[in-house]
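Working notes for the structure below.
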Amino acid sequence: MKLPLLPKNIARIDNGEKFNFACHNQVSCFTNCCRQLELALTPYDTLRLKKELGMHSHDFLDTYVIIEHDPKEDVFPRLYLTMVDDGRASCVFVNEKGCSVYPSRPGACRAYPMGRAAMRKPDNSLEDYYVLLNEEHCLGFEEPTRQTPLEYCQEQGLNTYNDMNDALIPILQHDKIRQGMQLDEKQVDLYILALYDLDTFREKLFNGNLETAPLSKTQKEKLEEDEHLFFYGVDWLKEQLFNN
Ligand code: SF4
Ligand code: SF4
């Protein structure tokens, strides 16, 4: 994979290469990384968070998410977690004990200080690589624990997040997108509905308000599960956006 030029504090790391890092509530920088950040949410992040909080996806988006879309900059809208106006721009979920949604914290929080890029190859297989982001405020690199990126993913429960994010690649890196396709307003709304506002998507689907073949009772029972609905939504959206 041709790598982009990386800033000085970001370095590529091989899948089997060990690095020093550990994060726990005894580090003096505890929760520093939960402030003054732009936290972009993936669809699976919102699925997990709204479930954790027992909220309808629409209410979750309304309460905790800022949606931005500048068609000159991005094809797809970006959804960011709200930060609190406390003089430190803290994440809405951080408190003195740490992360209040820890079991369902977003993938980016699990991965930090690591990042992962996944690209679709011409034969449709995926290639991924990892990078380490070394920021001054993060003292976790001074800890003695050593692990490889793959071990870190396992420890942080990232594999499911990576799999769910990879399921979006046929949309995000679709040939038509690579060739410069732009979304109109209706398509942007469908993108948010099918991928981020799952409960509303389910309601519209079950009420026959969306373009689909009628669903059987068995299909509806399956789609009560958010994870199944997520994959259904990806296929449905792909059809709506690209007719394939
Ligand atoms: S979601 Fe949790 S881990 Fe992520 S920035 Fe907010 S408080 Fe920190
Ligand atoms: S700044 Fe680094 S070591 Fe400190 S709490 Fe955040 S991830 Fe952990």
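Just so you know, ligand 1 is whichever comes first in the structure, and atom 1 is the first atom listed for that ligand. Not measured: the values here are computed from a predicted model.
In this pair, Phe21 and Tyr152 present their aromatic rings perpendicular. The plane angle is above 60°, beyond the 30 to 60° band.
A salt bridge is absent between Glu52 and Arg48; no separation between the charged side-chain nitrogens and carboxylate oxygens falls under 4.0 Å. Using a cutoff of 4.0 Å between basic side-chain nitrogens and carboxylate oxygens, Asp199 and Arg202 are scored as salt-bridged. Under a 4.0 Å N-O distance rule, the pair Asp166/Arg116 qualifies as a salt bridge.
With hydrogens left out, the protein atom closest to atom 6 (Fe) of ligand 2 is Cys33 SG, 2.3 Å, a heavy atom. Regarding atom 4 (Fe) of ligand 2, its nearest protein heavy-atom neighbour is Cys29 SG, 2.4 Å.
At most 12 non-hydrogen atoms from other residues, nucleotides or ligands lie less than 6.0 angstrom from NZ of Lys204. Other residues, nucleotides and ligands contribute more than 12 heavy atoms inside 6.0 Å of the NE2 atom of His69.
The distance from atom 6 (Fe) of ligand 2 to the nearest N/O/S atom of His137 is not under 2.8 Å.
Numbered from 1 in the order shown, with element, the atoms of ligand 1 that lie under 4.0 Å from a heavy atom of Cys91 read 1 (S), 5 (S), 6 (Fe), 7 (S). In the vicinity of Pro106, heavy-atom distances shorter than 4.0 Å reach the ligand 1 atoms 1 (S). Listed by atom number, the atoms of ligand 2 under 4.0 Å from Thr31 heavy atoms are 5 (S). Less than 4.0 angstrom separates some heavy atom of Cys109 from each of these atoms of ligand 1: 1 (S), 3 (S), 4 (Fe), 5 (S). Residue Phe93 has at least one heavy-atom neighbour below 4.0 Å for each of these atoms of ligand 1: 7 (S). Atom numbering of ligand 1 starts at 1 in the shown order; those under 4.0 Å from a heavy atom of Val94 are 7 (S). Annotation for ligand 2: atoms under 4.0 Å from non-hydrogen atoms of Gly140 are 3 (S).
Between Phe93 and Tyr64, the ring centre distance stays below 6.0 Å.
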Run the salt bridge (Lys or Arg N to Asp or Glu O under 4.0 Å) check on Asp226 and Lys50 step by step: do they pass? CA-CA 11 Å; Asp226 284 344; Lys50 66 103 184 166; 2.7 Å; yes
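Nearest-residue assignment for atom 2 (Fe) of ligand 2 (options Cys23, Cys138, Cys34; heavy-atom criterion): Cys138.
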